[in-house]
Engineer: 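One structure is given below, represented as structure tokens, and several questions about it will come after.
When reading the values below, keep in mind they use all heavy atoms of this one structure, side chains included, and skip hydrogens, waters and symmetry mates. Owing to the predicted nature of the structure, the values given are computational and were not obtained by experimental measurement. All ligand and atom numbering here is 1-based and tracks the order in the structure.
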Amino acid sequence: MKISRMRRYRRTENIRLTFADVGLTLHNLVYPLFILDRIGKARIPVDTMPGINQYSIEAVTEHVAELVNLGVKNYILFGVPSKKDKKGTGAWAKEGPVPQAIERLKDQFGTEITLYADVCLCEYTSHGHCGVLDANGNVLNDESLLPLSKAAVTYANAGADWVAPSNMMDFRVKSIRDALDDNGHKEVAILSYSAKFASNYYGPFRDAAGSAPSFGNRKSYQIDYRNSRQPLREIKNDEMQGADAVMVKPALPYLDIIAKAKERTYLPLYAYNVSGEYSLVKFGAKSGLFDERSIVMENLMAIKRAGADAIISYHVQDIARNNWLEETE
Ligand code: PBG
Ligand code: ZN
């Protein structure tokens with residue numbers, strides 16, 4: 001047997017490209033937006049996420065207009081409300097920042113863009129948990145389903161193409177599917193954050209969305225990272241409840257889960273390249289540890305290679321503005 005000279009496949013860039021079996025386009029990427037409920041043009045930088053801002057509706061419309069021109073067509077929206085309460089009633093208020101932004105963006109860009117609305121209570125509750133609490137501060141499951149479903153219907157009414165429940169309450173997908181159907185939204189799809197781990201990588205996001213829990217943590221509802229089978233059961237559960245797509249989150253420390261999920265479901269698989277993954281790269285590149293484009297492309301290709309069909313990432317604006325997807329050596 002002749003031993004293969006593997007380097008023959010790597011001699012020139014053109015040869016290397018011939019055998020690249022993983023690729024990425026802007027259509028595979030989803031860009032997150034943080035929406036303020038302020039009038040006028042407001043843009044507040046998120047210090048822990050260089051390059052990321054919270055935007056008022058007027059300001060986000062301009063931001064999206066620039067990015068749409070560059071080919072960014074997929075957005076996921078998070079609300080940064082000025083008022084919160086115990087029950088998170090702002091989550092389903094139709095005058096809230098997210099439904100208002102959806103209406104405005106759909107008015108302006110129509111079907112050229114696809115809008116995902118994150119469905120959770122943590123941005124809207126005074127305690128910052130993803131569901132409603134009992135008197136002892138436990139996060140109640142079944143009691144959280146109605147408010148979450150009302151939020152999903154509010155975003156669908158505003159024109160969301162997808163709703164994306166990130167709250168990790170059991171049975172959320174079925175409850176939201178039923179509510180959407182009952183309210184005339186059979187065509188609105190559900191992307192479930194099925195395999196969402198209780199992760200330290202969400203820190204910067206909680207600054208961006210103002211959604212850190214005021215006490216305790218999310219370990220009673222998000223998955224323990226020491227377990228590798230529950231994420232797969234979560235995906236199966238959500239599939240049975242009618243999810244149109246499922247997600248693994250975070251992405252880079254969980255590539256094993258992405259790869260396993262890919263083998264076990266035929267639903268589209270999303271991965272969320274979360275805030276902490278983004279900020280590590282941004283601060284690392286700023287310190288001169290590595291070239292930002294190179295590290296971003298390696299990270300995103302790795303997530304794609306593991307099996308993600310689509311990736312939610314804060315890097316999208318840099319990729320689009322600087323043409324990072326163009327082939328170069
Ligand atoms: C809210 C939510 C979180 C993220 C998306 N939706 C944070 C959390 O669960 O605390 C994380 C996103 C990121 O870190 O980029 N349920
Ligand atoms: Zn939440």
Engineer: Under 4.0 Å from a heavy atom of Asp118: which atoms of ligand 1 are those, numbered in the order shown and with their elements?
Structural biologist: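 That gives atoms 6 (N) of ligand 1.
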Engineer: Just heavy atoms, cut-off under 4.0 Å: does Asn167 contact ligand 1 by side chain, backbone, both, or neither?
Structural biologist: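 Asn167 to ligand 1: no contact under 4.0 Å from either part.
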Engineer: Does the pair Arg16/Glu13 count as a salt bridge with the N-to-O cut at 4.0 Å?
Structural biologist: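 Counted as a salt bridge, because a side-chain N and a carboxylate O are separated by less than 4.0 Å.
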Engineer: Is Ser166 touching ligand 1 with its side chain, its backbone, both, or neither, if touching means heavy atoms under 4.0 Å apart?
Structural biologist: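 Both backbone and side chain.
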Engineer: Please state which protein non-hydrogen atom is closest to atom 14 (O) of ligand 1 and give its distance, to 0.1 Å?
Structural biologist: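 Checked against all protein heavy atoms, atom 14 (O) of ligand 1 sits closest to Ser275 OG, 2.7 Å.
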Engineer: State the NZ-SG distance between Lys196 and Cys120, to the nearest 0.5 angstrom.
Structural biologist: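 Rounded to the nearest 0.5 Å, the NZ-SG separation comes to 5.5 Å.
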Engineer: Phe78 heavy atoms, cut-off 4.0 Å: which ligand 1 atoms fall inside?
Structural biologist: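 Heavy-atom distances to Phe78 below 4.0 Å select 5 (C), 6 (N).
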Engineer: Check whether any N, O or S atom of Cys122 sits under 2.8 Å from the Zn ion (ligand 2).
Structural biologist: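 An N, O or S atom of Cys122 is closer than 2.8 Å to the Zn ion (ligand 2), so yes.
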Engineer: Could you check whether Phe197 and Tyr254 have their ring centres less than 6.0 Å apart?
Structural biologist: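 Yes, they do, as the ring centres are separated by less than 6.0 Å.
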Engineer: For ligand 1, which atoms, with element, lie under 4.0 Å from some heavy atom of Tyr272?
Structural biologist: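 Here the atoms of ligand 1 in question are 12 (C), 15 (O).
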Engineer: Would Tyr314 count as being in polar contact with ligand 1, using the rule that some N or O on each side must be under 3.5 angstrom apart?
Structural biologist: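 Between Tyr314 and ligand 1, an N or O pair is found under 3.5 Å apart.
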Engineer: Could you check atom 2 (C) of ligand 1 against the protein and tell me its nearest heavy-atom contact, residue, atom and distance included?
Structural biologist: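 Scanning the protein heavy atoms, the shortest distance from atom 2 (C) of ligand 1 goes to Lys196 NZ, 3.3 Å.
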Engineer: Against heavy atoms of Lys249, which atoms of ligand 1 measure under 4.0 Å?
Structural biologist: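 Heavy-atom distances to Lys249 below 4.0 Å select 2 (C), 3 (C), 4 (C), 5 (C), 6 (N), 11 (C), 12 (C).
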Engineer: Quick test of your reading of the model: are Lys174 and Asp238 salt-bridged, counting only N-O distances below 4.0 Å?
Structural biologist: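 Here Lys174 does not pair with Asp238 in a salt bridge, since their nearest N and O are not under 4.0 Å apart.
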Engineer: Should Lys87 and Asp85 count as an ion pair when the cut-off is N to O under 4.0 Å?
Structural biologist: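 Between Asp85 and Lys87 there is no salt bridge, as every charged N stays at least 4.0 Å from the carboxylate O atoms.
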Engineer: Under 4.0 Å from any heavy atom of Cys120, which atoms of ligand 1 are there?
Structural biologist: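 It comes down to these atoms of ligand 1: 16 (N).
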Engineer: Look at Arg321 together with Glu66 and state whether they make a salt bridge at an N to O cut-off of under 4.0 Å.
Structural biologist: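 Yes.
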Engineer: Please state which protein non-hydrogen atom is closest to atom 10 (O) of ligand 1 and give its distance, to 0.1 Å?
Structural biologist: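 Looking only at protein heavy atoms, the one closest to atom 10 (O) of ligand 1 is Arg206 NE, 2.6 Å.
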Engineer: Report the C-alpha separation of His185 and Tyr155 in whole Å, then their side-chain angles, then the decisive distance to 0.1 Å, and conclude whether the ring pair (Phe, Tyr, Trp, His ring centres under 6.0 Å) test is met.
Structural biologist: CA-CA 10 Å; His185 294 301; Tyr155 309 145; over 10 Å; no
Engineer: Below 4.0 angstrom, N of the basic side chain to O of the carboxylate: do Lys262 and Asp309 qualify?
Structural biologist: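 Salt bridge: yes.
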Engineer: Using side-chain hydrogen bond (donor to acceptor under 3.5 Å, both in side chains) as the criterion, point out the one residue from Asn273, Asn28, Asp318 that pairs with Ser313.
Structural biologist: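 Going through the options one by one, the only one that passes is Asn273.
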Engineer: For ligand 1, is there an N or O atom under 3.5 Å from any N or O atom of Glu123?
Structural biologist: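 Between Glu123 and ligand 1 (N or O atoms, distance only) the closest approach is not under 3.5 Å.
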Engineer: For ligand 1, which part of Cys122 has a heavy atom less than 4.0 Å away: the side chain, the backbone, both, or neither?
Structural biologist: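 For Cys122, the contact with ligand 1 is made by the side chain alone.
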